[in-house]
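In what follows, a single structure is set out as C-alpha cells and then discussed.
Keep in mind that the numbers below use all heavy atoms, side chains included, and drop hydrogens, waters and symmetry copies. A quick note: this is a predicted structure, and the numbers were derived from the prediction, not measured. In each ligand, atom 1 is the first atom listed, and ligand 1 is the first ligand listed.
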Amino acid sequence: MSEYAREQARILVERLGLKNPPVPVEKLAKSLGVRIEYNPFDDELSGMAFLRDGKPIIGVNSKHHPNRQRFTIAHELGHIVLHRSHLETAVLIDKSKNFMIEEGKNFIPRNQTSAEGSDPLEIQANAFASELLLPAKLVRQVLSESTGDLHDDAYLISLAQRFRVSLTAFQLRLDQI
Ligand SMILES: [Zn+2]
C-alpha cells in the first residue's frame, strides 16, 4: 500500500523535471487545483484536507516552522491524491502525533471524523510526503555531489535544509535509500 503511495508521488515529482531541490510543493499542489489556506491553528493541529464545493482544500498551521508546513502540505496532498473517496464524506484532520516527522514513526491517529480505522491512510500519506519532498533521485544526486560526513549532524542539517525538510524527515529518508 505504501509502495502505491510512493509511486503516485514519484509520478508527480518526475513531471516537474527538477534539476535541484527543493521540491516546490505549494506550487505543485496549486497546479493540481488544490487551494492552500494558512490558519493559526492550535499547536497540536498540523493540517487538514477537505472538499469545499467539490474543490480540494488543504489547511496548514501557519504557526509551524516553514519546513513543517511543507511536510503538512505534502501529507495532505497525499490524502487528496490517494484518498479522494474519503474526502467525499469526511474532513481529514491531522494532529501532530500522526506525523512521522514528529515521532519518527506512525501512530494510530486520533482522527475525529474518520472513524473507519484510518491508520493505513496516515501511513500512505506519510510515504507519499516523504517521496514527494525527498525524491530518491535528487537525494542520491545531492549525496554524490557532496563530500561531508553523514554522521555529522551539522552536515546532515545542511543537506536537509537544501530540501527544506526537517532533519528527522531527512534521516528517515536516508534509511530507506
Ligand atoms: Zn493524515
Identity of the N, O or S atom of Glu122 lying closest to the Zn ion (ligand 1) |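 Closest to the Zn ion (ligand 1) among those atoms: OE1.
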N, O or S atom within Asp94 nearest to the Zn ion (ligand 1), by name = OD1
Keeping the roles fixed (side chain from Glu76, backbone from Gly59), state whether a donor-acceptor pair exists under 3.5 Å.
-> no
Whether over 12 other heavy atoms sit under 6.0 Å from Asp175 CG =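 Buried by this count: over 12 neighbours within 6.0 Å.
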Vertex the Zn ion (ligand 1), ends His79/NE2 and His75/NE2: angle to nearest 10° comes to 100°
Below 4.0 angstrom, N of the basic side chain to O of the carboxylate: do Glu3 and Arg10 qualify?
-> yes
From the list Asn61, Val60, Ile93, side-chain contact (heavy atoms from CB on, under 4.5 Å) partner of Phe41 resolves to Asn61
